[in-house]
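Computed over heavy atoms, backbone and side chain alike; hydrogens, waters and symmetry mates excluded. When a ligand or atom number is given, it counts from 1 through the structure's own listing order. For the single chain, residues carry numbers from 1 onward in sequence order. Since this is a predicted model, take the numbers as computed values, not measurements.
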Amino acid sequence: MTQLPEKQSSTREESRPQLVFGERWVYEPAPQSLADVPAREKYDLFINGKWAAPKGRKHFDSVNPATEQVIARVAQAGKADVDAAVKAARVAQTKVWGPMAPRDRARYVFRIARLIQERSRELACLESLDGGKPIRESRDVDVPLAAGHFFYHAGWADKLHLAFPGSKPSPVGVVGQIIPWNFPLLMAAWKLAPALACGNTVVLKPAETTSLTALHLAQILEQAELPPGVVNIVTGDGRTGGALVEHPDLDKLAFTGSTAVGQSIQRSLAGSGKDLTLELGGKAAHIVFDDAALDQAVEGIVKGIFFNQGHVCCAGSRLLVQESIHDALLDKLLARIERIRVGDPLDKNTDMGAINSSEQLQRIEALVEAGVAEGCTLHQSTCTLPNKGYWFRPSVFSGVSLSHRIAREEIFGPVLSVMTFRTPAEAVEKANNTAYGLSAGIWTDKGSRILWMAERMRAGVVWNNTFNQFDPASPFGGFKESGFGREGGRQGLEAYLRFHDDTLVQG
Ligand code: NAP
Ligand code: MG
């Protein structure tokens, strides 16, 4: 690590680097080695335990968003492929996975968790290569949490009767699962682990721009000798997702993605008798009171919206600051975003990587233009962006009010909208004044105020003096247009079970 300009100092105390506002820290590159990352040039579909070419013979490019280079060609599954996958899942459910002793299912789920740990370096590298997120996030958050979900659910597989005492749970059957591009492996784990532990079989559709880690997870399933057909992976674009939604032989569909697509799925499944869970968008508020530890809050805010390029459904994209500390907090925040290291996702020092796709970059740019046109003040980091790839500077809007588009619509990028409040009641009113309700963050020194606020938040998760913390044992899900159903914890199991008595299962 070096500091520019170089300081020539004689004593030890003086030679310690000084962090002075306006001065930039330059880190030597520390790229993650890609040796031993066995990416294939072409991936087929994983159906009934075998790799099968798509019947339409079409493959599409999976691109590294940091360089715009093609990493691999991925299969485009059509209706006939989706049909083959659902048929394989049905046979596996009724003949093998459903009747299997729960303790044996637990062993398979546990084995998958162990193999994810063993192959964690490969999975983290692929996740950053394919999706653009910093390797630090993939390595320290996505992959360990994905393994954690399989470990956690392996523990439940033979104890479901204890999770819901007095009831007799049984699997729902064959489940279609559709996931987005922001946490490709982790979302696959969130969906697969509880479904398998509860005795269901699955057809999983990853997002078009980030299929690679799901396909390597399929290799792990092979390595774990999971019986054929228990998990089938069909890659492709929205048409593949549509074919899965419309398949008549599904018992349940679990979707994570945008509110617009989620709503259209809900309309098309209405009256079909299929179960449905939806994890959709968010517009979370960070609420910072005047007694909060400001530096700590700034770190939480930065982590909550910038470290993952804002590609997080529960990102803290609205900042509500008590009026008396607005200027002080904004100054600290702007100084901090100037020091966010934006660049190569595979460099271990990188804080913020590439935007996932050119389409997403265009969406972010359009909403930021709308914010400027509506009269909000835009502050951006002056960092140097790479010439190739899809990049956006860490950005903060001040002077925002609730009616502005940037305060209402999900930007899903590294853009924070700052607003003020005077009283706790006004903070509650403003935080809840959104169509979404996925998460919220409260920053204050007073425990009683935390409880008072948390009780009034219309959000599935409320973090206090921290942000974006996840645990497989903790249920996650939304209110209002953020969807319904929970993932994780005992509540998450319910979505993959049917109950054969009159016991009312409480969430
Ligand atoms: P998206 O466009 O809704 O896509 C999600 C998935 O659905 C992708 O696999 C997509 O395929 C597929 N899809 C697209 N159109 C479809 C259709 N008509 N029928 C069936 N499937 C279809 O969302 P996204 O842009 O990938 O992801 C970002 C969104 O996900 C954000 O709104 C974010 O808030 C939300 N999200 C929510 C959570 C949560 O837990 N609540 C977690 C993560 C993300 P393609 O990739 O080919 O388009
Ligand atoms: Mg990609």
Side-chain angles (χ1 to χ4, degrees), residues 60-63 74-77 79 82 130-131 133 142 145 149 176-191 203-212 214 233-247 250 253-269 276-284 305 308-317 355-364 367 409-413 434-439 459-461 468 470 474-488 492 495:
F60 58 90
D61 291 341
S62 200
V63 171
V74 176
Q76 169 73 39
K79 263 189 175 176
V82 170
D130 199 20
K133 67 169 61 187
D142 298 47
L145 270 176
H149 271 266
Q177 302 184 324
I178 302 178
I179 53 174
W181 45 259
N182 57 343
F183 287 90
L185 180 71
L186 185 57
M187 287 299 119
W190 275 30
K191 295 260 178 293
V203 179
L204 176 81
K205 209 274 305 162
E208 185 187 349
T209 56
T210 54
S211 308
L212 297 195
I233 299 186
V234 288
T235 47
D237 57 18
R239 291 169 295 174
T240 311
L244 187 56
V245 171
E246 283 158 23
H247 198 286
L250 283 187
L253 194 100
F255 173 82
T256 297
S258 61
T259 297
V261 174
Q263 286 172 341
S264 81
I265 290 177
Q266 190 174 12
R267 277 192 293 274
S268 70
L269 289 191
L276 174 66
T277 42
L278 296 175
E279 299 280 2
L280 308 175
K283 195 75 192 172
I305 184 74
N308 236 324
Q309 302 80 250
H311 293 344
V312 186
C313 50
C314 49
S317 52
I355 300 301
N356 184 265
S357 63
S358 63
E359 292 78 18
Q360 185 58 26
L361 181 59
Q362 282 165 25
R363 263 179 241 145
I364 296 169
L367 271 160
E409 294 179 30
E410 191 182 39
I411 301 175
F412 224 59
T434 165
Y436 297 107
L438 200 52
S439 63
V461 187
N468 273 1
F470 300 96
S474 177
F476 184 89
F479 279 69
K480 301 187 274 184
E481 288 186 21
S482 291
F484 47 79
R486 294 291 178 265
E487 292 188 303

Atom indices of ligand 1, in the order listed, that fall short of 4.0 Å to a heavy atom of [X]:
X: Cys313; result: 33 (C), 34 (O), 36 (N), 37 (C), 38 (C), 39 (C), 40 (O), 41 (N), 42 (C), 43 (C), 44 (C)
X: Thr256; result: 5 (C), 36 (N), 37 (C), 38 (C), 39 (C), 40 (O), 42 (C), 43 (C), 44 (C)
X: Val261; result: 3 (O), 15 (N), 16 (C), 17 (C), 22 (C)
X: Gly236; result: 47 (O)
X: Phe255; result: 3 (O), 5 (C), 6 (C), 7 (O)
X: Phe476; result: 40 (O)
X: Ile179; result: 6 (C), 8 (C), 9 (O)

Can you find a pair of side-chain heavy atoms, one from [X] and one from [Y], that are under 4.5 Å apart?
X: Phe484; Y: Leu276; result: yes
X: Gln360; Y: Thr209; result: no
X: Glu410; Y: Ser317; result: no
X: Asn468; Y: Cys314; result: yes
X: Phe183; Y: Lys133; result: yes
X: Thr256; Y: Trp190; result: no
X: Cys313; Y: Phe476; result: yes
X: Asn356; Y: Gln309; result: no

Looking only at heavy atoms, is any part of [X] under 4.0 Å from ligand 1, and if so is it the side chain, the backbone, or both, or is it neither?
X: Asn182; result: side chain
X: Phe183; result: neither
X: Pro206; result: backbone
X: Thr240; result: neither
X: Ile178; result: side chain
X: Gln360; result: neither
X: Asp237; result: both

Could you find the nearest protein heavy atom to [atom] and give me its residue, atom name and distance?
atom: atom 28 (C) of ligand 1; answer: Phe412 CE2, 3.6 Å
atom: atom 10 (C) of ligand 1; answer: Lys205 NZ, 3.8 Å
atom: atom 20 (C) of ligand 1; answer: Gly241 C, 3.3 Å
atom: atom 19 (N) of ligand 1; answer: Gly242 N, 3.5 Å

Any N or O of [X] that comes nearer than 3.5 Å to an N or O of ligand 1?
X: Ser258; value: yes
X: Glu208; value: yes
X: Trp181; value: yes
X: Pro180; value: no
X: Glu410; value: yes
X: Leu280; value: yes
X: Gly238; value: yes
X: Gly257; value: yes

So, the side chain of Thr210 versus the backbone of Asp130: is there a donor-acceptor pair under 3.5 Å, distance only?
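Checking the backbone N and O of Asp130 against the side chain of Thr210, no donor-acceptor pair under 3.5 Å is found.
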Got a donor-acceptor contact below 3.5 angstrom from the Thr240 side chain to the Ala77 backbone?
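Such a contact is found between Thr240 side chain and Ala77 backbone.
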For atom NZ of Lys79, decide whether the heavy atoms of other residues, nucleotides or ligands shown that lie under 6.0 angstrom number more than 12.
no
Positive for side chain to side chain contact (heavy atoms under 4.5 Å, CB included) with Gln177, one of Leu253, Ile233, Leu204
Leu204
Begin with the C-alpha distance, continue with both residues' side-chain angles, and end with the deciding distance and a verdict on side chain to side chain contact (heavy atoms under 4.5 Å, CB included) for Gln266 and Phe255.
CA-CA 10 Å; Gln266 190 174 12; Phe255 173 82; over 6 Å; no
What heavy-atom pair brings Tyr436 and Ser482 nearest, and what distance separates the two atoms?
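Residues Tyr436 and Ser482, closest heavy atoms: CB-OG, 3.4 Å.
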Kindly compute the distance separating CD (Gln263) from CD (Glu481), expressed to the nearest 0.5 Å.
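Reported value, rounded in 0.5 Å steps: 5.0 Å.
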As an exercise, state the distance from NZ of Lys191 to NZ of Lys205, rounded to the nearest 0.5 Å.
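Going from NZ on Lys191 over to NZ on Lys205, the span is 13.0 Å.
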Verify atom 46 (O) of ligand 1: protein non-hydrogen atom under 4.0 angstrom away
yes
